[in-house]
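Here is the structure we will look at.
Letters go in sequence order (proteins before strands), and every chain restarts at 1.
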Amino acid sequence: MATPSRPVPVLFRPLPKGGRLLKHLLLIGFGLVMLYPLLWMVSSSLKPEELIFRQPGLWPSEVTLDNYVDGWTALKHPFGYYLWNSAVVTALSVVANLVACSLAAYAFARLGFPLKKLWFAVMLGTIMLPHHVVIVPQYIMFSKLGLINTIWPLVMPKILATDAFFVFLMVQFIRTLPRELDEAAEIDGAGYWRTFYRVVMPLCLPALATTAIFTFIWTWNDFLSQLLYLNNPDNFTVPVALRTFLDSSGESSWGPMFAMSIVALGPIFGFFLAGQKYLIRGVATTGLK
Amino acid sequence: MSSGKKMWSARVGGALLSAALLATTAACGGGSGDSADGKVKLRFSYWGSDSRQKLTEQVIKKFEEKNPTIDVEGEFSDWSSYYESLSTKVAGGDAPDVMTIEIKGLREYAGRGILADLAGKVATSDLDAKVLGTGALDGKQYAVPSGANAFALVANTAAVEKAGQKAPDDATWTWDDYLGLAAKITEGSGGKVYGTQYTFNSAYLTIFAAQRGEKFFDGNKIGVTPETLKAWWGNFQKLIQTKGSPDAAKSAEVDANSPDQSLLGTGTAAFGMWWSNQLGTLSKASGQELTLYRLPKAKGATTSGMFLQPAMYYTTSAKTEHAAEAAKFIDFLVNDPDAGAILLSDRGLPVNSKVLEAVKSKLPPADVKTLEFMDKIRPELVDAVVPPKGASGVEDILKRYSEEVLFGRMTPDDAAQKFLTEANAAIAG
Amino acid sequence: MADTVAVERRAKASGPVTGGSRTTERKRREARAAYLFLAPWFVGLFVITIGPILASLYLSFTDYSLLEEAKWVGFDNYVKMFTEDPRFVSSLKVTTIYVVVSVPLQLAFALALALVLDRGLRGLPIYRSIFYLPSLLGGSVAIAILWRKVFGAEGLVNAVLGVFGIQGPGWVSDPDYALGTLILLHVWTFGAPMIIFLAGLRQIPSSYYEAASVDGAGRLRQFRSITLPLLTPIIFFNLVLEVIKSFQSFTQSFIVSNGSGGPADSTLFYTLYLYLKGFKNYDMGYAAAMAWVLLLIIAGLTGVNFLASKYWVFYGDSK
């Protein structure tokens, strides 16, 4: 951020003391509302199973860790096995999306080429169709390719930048950067690749962090495609495994489901905490000079 | 430029490599066809929760012990996404060899040539003929039932008595008795416990209509008259008026819940209508002793209207390359006492009399009760009807118009007409 | 989308323009590089994305049950939709209300909180994480149950209202309130656009603020003349994407109404109806037709958005 020798911009100057306190109070009050679902889940996961619906209040009258023990061992494999499966799918997706989407975004944001507007419209068009109607054709395609019960149907689309959300996101971020940066780099003799890799990408750190965070969360929680493409119980991922605690017409294992939901939140929350450091680190101003 | 490129490509390459590794290891467990060791591989799809998955894995292991040349691989999902994923697989030409379906899906699948005729391939002589009969369509035995359930009234008699009321005699009680009792229970408990939780389950309407001599599904048409529909909705309206049930909004809320979150399951109602196999879940959730009753009757009705419905069916794909092995697996599931001993009532109470005899002593108390109840009502049962294509849509249509009526957004006359038009259109195809 | 003006500016910046041939050579080089950068995307488009999309277009002209071969029926599905399907019309209405009300509210909320949570206070990372939580949990089954508990007739919300002597309705089970509750829930999961706004705020070079400070610009002025204009591409992104995503909203209604769109169709979102048609009524042809109608609607709105953006979005690359 700003070098100490310079004056601190007004916008970043701390508020007067009273204002700060008020702000904290408001944020805390609001935060409690946001926190309620998590507290409720934690509390439910600590209640003996039969009390979850009979005593829906936030404070458990009895506390037990049984649900965690049961949940961890209830399925064919220990729950950690599914966490690992999810971690593999998610990690590959994050890396793939970061690379592929930023490459495409740079071209759309900074380079001129024939039919650019058309291709850009096509890209946006691909996210306008409700995905329910492409599930079946897509399944048929991957099935014909013999890729069912492999990780490919989940990761290949990411490697090939098919998620227009992230491409568009990064296009917008790159376009907020002053064009003079590229031009300066060009005058220094940098090619497109070098401009992309050395100049634009470092300045897009917040956007990259956003992409990584969202890809991680959305992949981690994605249920349907993981159910369809990894339907062998040995390949189950966390969202699919979590659903197996539930039977809407019969007996559900609510306790273990809540407990393992909490466990499954751990990695996403951890990733978010780690990622937000980059999210807010801000643009290195030195890149501007 | 080149140094940057190298780094990127190295990273992408690494990701690709590990993905490929994972893909190949995963492929060993998936795909179709035969394993490398010459075993026949069967894919078996079913829905359920973790407890069913465990039992199923056990029963598969047992089957593989007895048939060392066959490898069965279970594919399962939760109920709410089951048909979605099964239909997708079928559409992709990737149908599992053995598929579990339930009665509403039977004609959708059998009627479209997805299922194979199992007549003569699975021994069925020990199975309950009435229940087995529902799996036969157009003279072909497309489906073999795994077990059977009855739609019954589940009662918490302790709650009834606590409200100062007497438990009913379910052999003779009428709808009016039931509605009156429900109102008195709410009153007697000081509003803490409701008389009953109502349901829009079409099984309820099926029974109600049968008592009035009408069939819910009559071939490819809806067989209930507007009068019957209005009388049926009249029951709900009366329950709401007399506070025998919570108001429309609260009822809509609990109707969306699973048995363990229902009023009966949380100890806040004395009655509820459920499938008999849900007795165990309800008992466990409420922590109370629950009893099964016959549904009340219409005055002057000559039939109880109650029926045994198959809990699930086992079917095989018409396209399976291993028809003999698939039939063998189903045969094992329904006829082998060893399989019965593992599954018990997980897929409904066994309809195979020999298996039932063999496992009777192992059944948990709730199932023993259900069994006694079923034996008691057996002479009064009518045949179950296999719904036509489009029937799962009818269930939703019924629920929607029922809500329109109970929220007072539509008159019963109007709703009855609209329901009949829309439901008939849904199953006409 | 960098328009041709920008390209020409680039060309000029690279040196004195001596002749047309150099510019075309330059352009060709640039286009070649662009296609290289876009290579994975093009492969993905033609190998993975386009096929299923075109397949769904074809299916929209067929009677397709998923379980049988598709049969060509021409425009039947489209005609049926507009002439004899009141539920189609009502789902479109429900969805439109949902989008029109919840998108602006959610974005305003997200932007306001992003500004508050950007900097200047202790403990901001913690606040940010907490505020993002609802979006993390949004689609999980556990939360669906909680919703019914919190917004139930005897739920938490009504208990709180009861303290003030107000008898609240069944927020998710009364057809008059259910949609409103879903809108509220949507606004409440403002985490994703908030994160994007936060990232956008950090993208603004702080040297701009420093310069403005030296000029003596106040807090409000800095916000109006630096933050807001420089954030417009991000606001635009969030607007476009939220419109697209809200029109496709599915999960919330699916889990809160148990997949029915009830009570009495009051939360029957367009995509939910499409899903029920396709997977529950085995009418995937009709579902595909619905999907394409939605695509046209969304594309139209997005087009309008892009046209309008010329008047209020400022890019760093074309001042």
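C:Tyr282 OH to B:Tyr83 OH: the interatomic distance, rounded to the nearest 0.5 Å, is 6.0 Å. Remark: B:Ser81 OG to C:Phe279 CZ distance equals 11.0 Å, nearest 0.5 Å.
Sparse packing is recorded around NZ of B:Lys319, with 12 or fewer heavy atoms of other residues, nucleotides or ligands lying under 6.0 Å away. Atom NZ of C:Lys245 sits in a crowded spot, with more than 12 heavy atoms from other residues, nucleotides or ligands closer than 6.0 Å. Counting non-hydrogen atoms of other residues, nucleotides and ligands closer than 6.0 Å to OH of C:Tyr58 gives a total above 12.
Of residues 263-274 of chain C, those residues lying under 4.5 Å from chain B by any heavy-atom pair are C:Pro263, C:Ala264, C:Asp265. Near-neighbour residues of residues 394-407 of chain B relative to chain C, defined by a heavy atom under 4.5 Å from a heavy atom of that chain, comprise B:Asp396, B:Lys399, B:Arg400, B:Glu403, B:Glu404, B:Phe407. Of all residues spanning residues 78-99 of chain C, those with a heavy atom less than 4.5 Å away from chain B's heavy atoms are C:Arg87, arranged by number.
C:Lys71 meets the salt bridge (Lys or Arg N to Asp or Glu O under 4.0 Å) test with no other residue; sequence neighbours excluded.
Most heavy-atom pairs under 4.5 Å with chain C: of the set B:Ala91, B:Ala249, B:Ala252, B:Ser251, this distinction falls to B:Ala249.
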Could you walk me through whether B:Val90 and C:Glu68 pass the side chain to side chain contact (heavy atoms under 4.5 Å, CB included) test, one step at a time? CA-CA 9 Å; B:Val90 172; C:Glu68 296 153 300; over 6 Å; no
Begin from the C-alpha positions of C:Tyr275 and B:Glu84 and carry the test side chain to side chain contact (heavy atoms under 4.5 Å, CB included) through to its verdict. CA-CA 10 Å; C:Tyr275 165 86; B:Glu84 191 178 341; 2.6 Å; yes
Side chain to side chain contact (heavy atoms under 4.5 Å, CB included) assessment of C:Ser173 paired with B:Lys250: CA-CA 7 Å; C:Ser173 55; B:Lys250 165 97 181 168; 5.9 Å; no
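Residues C:Phe151 and B:Glu253 form no side-chain contact, since every pair of their non-hydrogen atoms from C-beta on lies 4.5 Å or further apart.
Interface remark: C:Tyr177 contributes no atoms to any contact with chain B (heavy atom separation under 4.5 Å).
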